[in-house]
Trainee: 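First the structure, which I've put down as structure tokens, then a few questions once you've had a look.
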Amino acid sequence: MRAKYERPIIVRHSLAGVNKFGVTPAIRPITSIEGVSIADLVAAHGSPLFVFSERVLRDRVRELRAALARRLASFEVAWSYKTNYLGAICKVFHQEGSLAEVVSGMELDMAIAAGVAGERILFNGPYKSGPELAKAFEHQVQIHLDHLDELTSAEKVAEQLGLRPKVGIRVNISELPVPTWDRFGFNLESGRALEAARRITRGGRLDLRTIHCHIGTFITNPDAYRLAAQAMAGLALTLERDAGCRIDTIDLGGGFASRNTLQAQYLPGEESTPSLDEFVEALVSGLEEGLQGAEPRRLILETGRALVDDAGHLVLTVVGNKRLLDKRRAVILDGGVNILPTAWWYRHNLQPAQETFGTPEPTVFLGPLCMNIDVVRDRILFPPLRVGDRVVVRHVGAYNVTQWMQFIGLRPNVVLVSPKGEHSVIRRAETLEALRALESIPSWL
């Protein structure tokens, strides 16, 4: 039988694989996750499939807590619900001693339903309705006020309830080596934060104990945290001196970069992202500089992405191949940006889930959606793949299962794998019946 003709491909190679971007990474297959074969996981739970490692979740939060414990006597780590609010993921972090950091009434209800004590919940965000403020105050949840209108609402709710709850204010800082998030909180340099604190003191309805600052997202410069911590520590002293407040907690938010690689990033994130220890060292140094020998304050970090990204994997199956006009091979997968929205931000690391053969060539990985922007990875050197082969997208634990969309297709199963190799669905795949359950058709149609 005559062999099927296959068009030859010419691929340019550099000596020893070295160029100005470094050594071309080897394509190594991932055939198992935490000792469980990917073939078995797909056979049990289908494809596409999100798979989370419980061990990695616990290792990352323990790494952060250990770094803090070496330098501080009083601190808390708060789990950022918006990063991934699946119940099983949140439970792992709460078992490891994390507070709950929420940014909406929905997330507040999630934390309360999960059994988190009110005093261990932080409520951030620019909008908190009157009933949400009332629920938070009744449960002794820590509110961080975002603007003067919210401050006024909080005072009214506290008066109606006959309470004087402890609160915090969110502060934004413009003189940092990162873009300013001035849409959130009260500005430091303009004096608005000091004015808000004085307003709270004069009102007498709220007890200001915390100052909170979240400088941005995917921050790769530890020195930005040193400067922010220094400024916030200085603000604590100023508020105590000029506004009559006793600030006992400084909350420096989150924003640490994970080991993913941004689309515009020069070096791979696995090589360039600072360690958790480097971030902690910088911010603790800033606190000490800003406090100038004054009594230390409790520190809170609301880290999300850097703790969960590495724990998540997305298994996808090849459903087709084609050749584009620019000569790139295009591989069509059974999942796209509807379930992996972070593909628009990151150059995700893809690896085959089985041994591969053939010469790697420039490849674009496309999702199954009928839209031109459904690109999982735009250009990566990859060996040939056949229909039915699988690929694993790594570092997908943050934001995908909270920002994914029900668009064109149904969202898949999400599985947690234990350190012992046990695996269980922690979010069931959608069904058409579940999707349509919230709809109704008017009687005149």
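Heavy atoms only: backbone and side chains are in, while hydrogens, waters and symmetry mates are out.
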Trainee: List the residues meeting side-chain contact (heavy atoms from CB on, under 4.5 Å) with Met106, not counting sequence neighbours, and say none if there are none.
Mentor: Tyr85, Ser104, Met110
Trainee: State plainly whether the residues Arg55 and Glu34 are in salt-bridge range, i.e. N to O under 4.0 Å.
Mentor: yes
Trainee: Measuring from Lys91:NZ to Ile426:CD1, what's the distance to the nearest 0.5 Å?
Mentor: 12.5 Å
Trainee: Hey, does Phe382 have a side-chain heavy atom less than 4.5 Å from the side chain of Val391?
Mentor: yes
Trainee: Would one find more than 12 heavy atoms of other residues, nucleotides or ligands at under 6.0 Å from atom CZ of Arg70?
Mentor: yes
Trainee: Are there more than 12 heavy atoms of other residues, nucleotides or ligands under 6.0 Å from atom CG of Asn372?
Mentor: no
Trainee: State which residues pass side chain to side chain donor-acceptor pair (under 3.5 Å) with Asp223; sequence neighbours excluded, sorted by chain then number.
Mentor: Arg226
Trainee: Hey, does the side chain of Arg60 reach the backbone of Ala306 with a donor-acceptor pair shorter than 3.5 angstrom?
Mentor: yes
Trainee: Less than 3.5 Å apart, any donor N or O on the side chain of Thr83 or Arg305 sitting next to an acceptor on the other?
Mentor: no
Trainee: Under the ring-ring contact (aromatic ring centres under 6.0 Å, His included) rule, what do Phe123 and His212 come out as? Steps first, then yes or no, please.
Mentor: CA-CA 11 Å; Phe123 194 174; His212 169 261; over 10 Å; no
Trainee: Could you tell me which non-hydrogen atom of Trp79 sits nearest to which non-hydrogen atom of Cys90, and how far apart they are?
Mentor: NE1-SG, 3.6 Å
Trainee: What heavy-atom pair brings Arg329 and Thr359 nearest, and what distance separates the two atoms?
Mentor: NH2-O, 4.4 Å
Trainee: With no hydrogens and no angle check, is any side-chain donor or acceptor of Asp309 less than 3.5 Å from a backbone partner on Ser258?
Mentor: no
Trainee: I would like to know whether Glu302 and Asn124 meet side chain to side chain contact (heavy atoms under 4.5 Å, CB included); could you show each step before the answer?
Mentor: CA-CA 11 Å; Glu302 301 167 354; Asn124 290 316; 3.2 Å; yes
Trainee: On a heavy-atom basis, which atom in Ala353 and which in Thr31 lie closest, and how many Å separate them?
Mentor: O-CG2, 3.7 Å
Trainee: Could you go step by step and tell me if His144 and Val167 meet the side chain to side chain contact (heavy atoms under 4.5 Å, CB included) rule?
Mentor: CA-CA 6 Å; His144 292 158; Val167 299; over 6 Å; no
Trainee: Considering non-hydrogen atoms only, spot the tightest contact between Ile250 and Ala233 and give its length.
Mentor: CD1-CA, 3.8 Å
Trainee: Taking side chain as C-beta onward, heavy atoms only, is Asn400 less than 4.5 Å from Ile339?
Mentor: no
Trainee: Any donor and acceptor pair, going by atom type alone, linking the side chain of Asn172 with main-chain N or O of Phe184 inside 3.5 Å?
Mentor: yes
Trainee: Do Val315 and Leu41 have side-chain heavy atoms sitting under 4.5 Å apart?
Mentor: no
Trainee: Look at Glu361 together with Arg323 and state whether they make a salt bridge at an N to O cut-off of under 4.0 Å.
Mentor: yes
Trainee: Do Val77 and Leu99 have side chains that approach each other closer than 4.5 Å (heavy atoms only, starting at C-beta)?
Mentor: no
Trainee: May I ask you to decide if Gln265's main-chain N or O and Arg347's side chain share a donor-acceptor pair within less than 3.5 Å?
Mentor: yes
Trainee: Kindly compute the distance separating OG1 (Thr220) from CG (Leu267), expressed to the nearest 0.5 Å.
Mentor: 11.0 Å
Trainee: May I ask you to test the Pro362-Leu381 pair for a side-chain heavy-atom distance under 4.5 Å?
Mentor: yes
Trainee: Assess whether a salt bridge exists between Asp109 and Lys135, defined as any Lys/Arg side-chain N lying under 4.0 Å from an Asp/Glu carboxylate O.
Mentor: yes
Trainee: Treating Asp389 as the side-chain partner and Val318 as the backbone partner, does any N or O pair qualify as donor plus acceptor under 3.5 Å?
Mentor: no
Trainee: Can you name the closest pair of heavy atoms from Pro412 and Trp404 and give their distance?
Mentor: CD-CZ3, 3.8 Å
Trainee: Side chains of Gln142 and Arg209 only: does a donor on one sit below 3.5 Å from an acceptor on the other?
Mentor: no
Trainee: Mind checking salt bridge (Lys or Arg N to Asp or Glu O under 4.0 Å) for Glu150 and listing every partner two or more places apart, or none if nothing turns up?
Mentor: Lys128
Trainee: Looking at Thr342, Asp310, Thr261, which one forms a side-chain hydrogen bond (donor to acceptor under 3.5 Å, both in side chains) with His395?
Mentor: Asp310
Trainee: Minimum heavy-atom separation for Gly335 and Pro368, please, with both atom names.
Mentor: C-CD, 3.4 Å
Trainee: Check the pair Arg394 / Gln351 against side-chain hydrogen bond (donor to acceptor under 3.5 Å, both in side chains), numbers first and verdict last.
Mentor: CA-CA 8 Å; Arg394 295 174 56 203; Gln351 292 175 254; 3.0 Å; yes
Trainee: Mind telling me whether Phe279 and Phe256 have parallel, tilted or perpendicular rings, with 30° and 60° as the class edges?
Mentor: parallel
Trainee: Val375: which residues meet the side-chain contact (heavy atoms from CB on, under 4.5 Å) condition with it, sequence neighbours left out?
Mentor: Val364, Leu366, Asp378
Trainee: Calculate, to the nearest 0.5 Å, the distance between atoms CZ and CZ belonging to Arg58 and Phe93 respectively.
Mentor: 9.5 Å
Trainee: Hey, does the side chain of Asn84 reach the backbone of Leu86 with a donor-acceptor pair shorter than 3.5 angstrom?
Mentor: yes
Trainee: OG of Ser80 to OH of Tyr399: how many Å apart, nearest 0.5 Å?
Mentor: 5.0 Å
Trainee: Are any side-chain N or O atoms of Asp248 and backbone N or O atoms of Arg298, one a donor and one an acceptor, separated by less than 3.5 Å?
Mentor: no
Trainee: Surrounding CD of Gln140 (heavy atoms of other residues, nucleotides or ligands, distance under 6.0 Å), is the total greater than 12?
Mentor: no
Trainee: Are Tyr81 and Leu122 close enough that some pair of their side-chain heavy atoms sits under 4.5 Å apart?
Mentor: no
Trainee: Are any of the side-chain heavy atoms of Glu107 and Glu101 separated by less than 4.5 Å?
Mentor: no
Trainee: Answer whether the closest heavy-atom distance between the side chains of Val171 and Leu235 falls below 4.5 Å.
Mentor: yes
Trainee: Who are the ring pair (Phe, Tyr, Trp, His ring centres under 6.0 Å) partners of Phe75, not counting sequence neighbours?
Mentor: none
Trainee: For Arg377, what residues pass the side chain to side chain donor-acceptor pair (under 3.5 Å) criterion, not counting sequence neighbours?
Mentor: none
Trainee: Side chain to side chain contact (heavy atoms under 4.5 Å, CB included) for Val178 and Tyr225? Distances and angles first, verdict last.
Mentor: CA-CA 10 Å; Val178 292; Tyr225 286 95; over 6 Å; no
Trainee: Is the closest basic N to carboxylate O distance between Asp277 and Arg71 below 4.0 Å?
Mentor: yes
Trainee: May I ask you to check whether Thr273 and Arg259 show a side-chain donor-acceptor distance below 3.5 Å?
Mentor: no
Trainee: Mark yes or no for whether Asp146, through its side chain, and Gly185, through its backbone, hold a donor-acceptor pair below 3.5 Å.
Mentor: yes
Trainee: How many angstroms lie between atom CZ of Arg120 and atom OG of Ser98, to the nearest 0.5 angstrom?
Mentor: 8.0 Å
Trainee: Students often mix this up, so state it plainly: with edges at 30° and 60°, are the rings of His348 and Tyr346 parallel, tilted or perpendicular?
Mentor: perpendicular
Trainee: Taking atom CD1 of Ile441 as the centre, report whether more than 12 heavy atoms of other residues, nucleotides or ligands fall under 6.0 Å from it.
Mentor: no
Trainee: For the side chain of Thr180 and the backbone of Asp182, is there at least one donor-acceptor N/O pair under 3.5 Å apart?
Mentor: no
Trainee: Could you grab the distance from atom CG of Asn221 to atom CG of Leu176, nearest 0.5 Å is fine?
Mentor: 9.5 Å
Trainee: Is it true that a side-chain atom of Glu189 and a backbone atom of Glu175 form a donor plus acceptor pair closer than 3.5 Å?
Mentor: yes
